[in-house]
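Contents: one structure, followed by commentary.
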Amino acid sequence: MSRAALLVLADGRFPAGGHAHSGGAEPAVALGRIRDADDLADFCRGRLHTSGLTAASLAAAAAHDLDPLALDEAADARTPSPALRATARKLGRQMMRAARATWPSPELDALAAARPRGAHQPVVLGLTARAAGLGPEDAAHCVAYETVSGPATAVVRLLSLDPFQATAVLARLAPDLDRVAEQAATAARQGVDALPAASAPLLDITAEAHAAWPVRLFAS
């Protein structure tokens, strides 16, 4: 395992397209559900333990060498919102481009050929972690961190929130991130059918509404 590879993959500057997405924070801000750092912490914690856990488990399973096509189908089944399915595949396509340029791999090539319109992003990230020599828990940590760092960064822009406060929120969530990554890696070792299917219905509903906005700052 390369710690440097883990840092590169988890870096927000890795060109995988995540900077254009708010992870549901933009509609939450518009609806008054996120107004300050405390609200942001509640939002991130809820997202982490629901859709974040599900995504981290899919990534861990892909890094554990479970069938990526079966995992992609499992991701579809765990994503009831058409808008979020489209977002996951768009991000997966962008992640695939960056991954194949950074860590060329026959497994990534095979998935890209099988899913030319994009596989779900957590599945692609898990295969990318595997190509980089990382393990299931590393992949899970990357997704878990991405689950909360995306909304935190978005809220800084949407509310002009003090970035020091946003960073403090992420730091205080560190124990939760570790727990979710451990749960995800444990589930991945038990097979596709054992993967969590935790959901966040409010995120699904607001994602559908957000996709119809005529003007928005973030793609999702």
Side-chain angles (χ1 to χ4, degrees), residues 5 8-12 14-24 50-136 138-147 150 184-185 187-200 203-204 207-208 210-211 218-220:
V8 170
L9 186 56
D11 193 334
F14 189 73
H19 65 279
H21 298 264
S22 77
T50 53
S51 57
L53 172 61
T54 300
S57 300
L58 290 162
H64 192 56
D65 199 25
L66 298 187
D67 180 1
L69 295 181
L71 291 171
D72 195 53
E73 292 175 359
D76 252 356
R78 288 161 170 77
T79 312
S81 162
L84 290 181
R85 285 199 299 272
T87 294
R89 292 194 180 279
K90 181 177 181 179
L91 286 170
R93 190 164 61 247
Q94 181 68 20
M95 169 68 74
M96 181 67 79
R97 291 179 59 197
R100 293 173 77 188
T102 309
W103 295 289
S105 157
E107 292 177 319
L108 288 169
D109 293 342
L111 182 57
R115 294 287 189 270
R117 298 180 65 182
H120 278 258
Q121 191 262 9
V123 179
V124 179
L125 189 147
L127 274 191
T128 303
R130 183 175 170 81
L134 301 170
D138 301 315
H141 265 110
C142 284
V143 171
Y145 179 68
E146 178 183 86
T147 296
R189 290 191 286 270
Q190 298 171 16
V192 176
D193 291 341
L195 297 180
S199 64
L203 286 179
D204 296 332
E208 292 300 312
H210 182 264
F218 291 92
S220 72

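Just so it is clear, the values below take in all heavy atoms, side chains as well, and ignore hydrogens, waters and symmetry mates. Quick caveat: nothing in here was measured; it's all calculated off a predicted structure.
- Of all the heavy atoms in A139 and A129, the pair that sits closest is CB-CB, 3.8 Å.
- Here CG of L111 is found 6.0 Å from CG of L69. Values are rounded to the nearest 0.5 Å.
- Of all non-hydrogen atoms in T54 and A197, the two that sit nearest each other are OG1-C, 3.7 Å.
- One distance of note links CZ of R130 with OG of S105; it measures 8.5 Å at 0.5 Å rounding.
- H64 pairs by the side chain to side chain donor-acceptor pair (under 3.5 Å) definition with nothing, not counting sequence neighbours.
- The neighbour count for F14 CZ, taken as heavy atoms of other residues, nucleotides or ligands under 6.0 Å away, is above 12.
- Taking 4.5 Å as the limit, every side-chain heavy atom of L134 sits out of range of all side-chain heavy atoms of W103.
- Counting all heavy atoms, side chain and backbone alike, H21 lies closest to A219 at CE1-CB, 3.5 Å.
- Proximity of L71 to L195: side-chain heavy atoms (C-beta onward) are separated by under 4.5 Å at one or more points.
- Atom CG of L127 sits about 10.5 Å away from atom CG of D109, to the nearest 0.5 Å.
- Atom CZ of R89 sits about 15.0 Å away from atom CE of M95, to the nearest 0.5 Å.
- Side-chain N or O atoms of S22 include one that pairs as donor or acceptor with a backbone N or O of S220 at under 3.5 Å.
- A distance-only check finds no donor-acceptor pair linking the side chain of R93 to the backbone of R115 [under 3.5 Å].
- A pairwise comparison of heavy atoms in S57 and P196 identifies OG-CD, 3.1 Å as the closest pair.
- To the nearest 0.5 Å, atoms CG (L125) and NE2 (H120) are separated by 14.0 Å.
- A198 approaches T50 most closely through the heavy-atom pair CB-O, 3.5 Å.
- Listed here is the closest heavy atom pair of G23 and L203: O-CD2, 4.3 Å.
- Under the 3.5 Å distance criterion, the side-chain polar atoms of E146 are left unmatched by any main-chain donor or acceptor of A10.
- In R97, the CZ atom is not crowded: 12 or fewer heavy atoms of neighbouring residues, nucleotides or ligands sit closer than 6.0 Å.
- To the nearest 0.5 Å, atoms NE2 (H210) and OG (S81) are separated by 12.0 Å.
- Within the 4.5 Å cutoff, no side-chain heavy atoms of V192 are placed close to those of E73.
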>> Before you tell me yes or no, could you show the steps for L58 and D72 under side-chain contact (heavy atoms from CB on, under 4.5 Å), namely the whole-Å CA-CA distance, both residues' side-chain angles and the distance that decides it to 0.1 Å?
In response: CA-CA 8 Å; L58 290 162; D72 195 53; over 6 Å; no
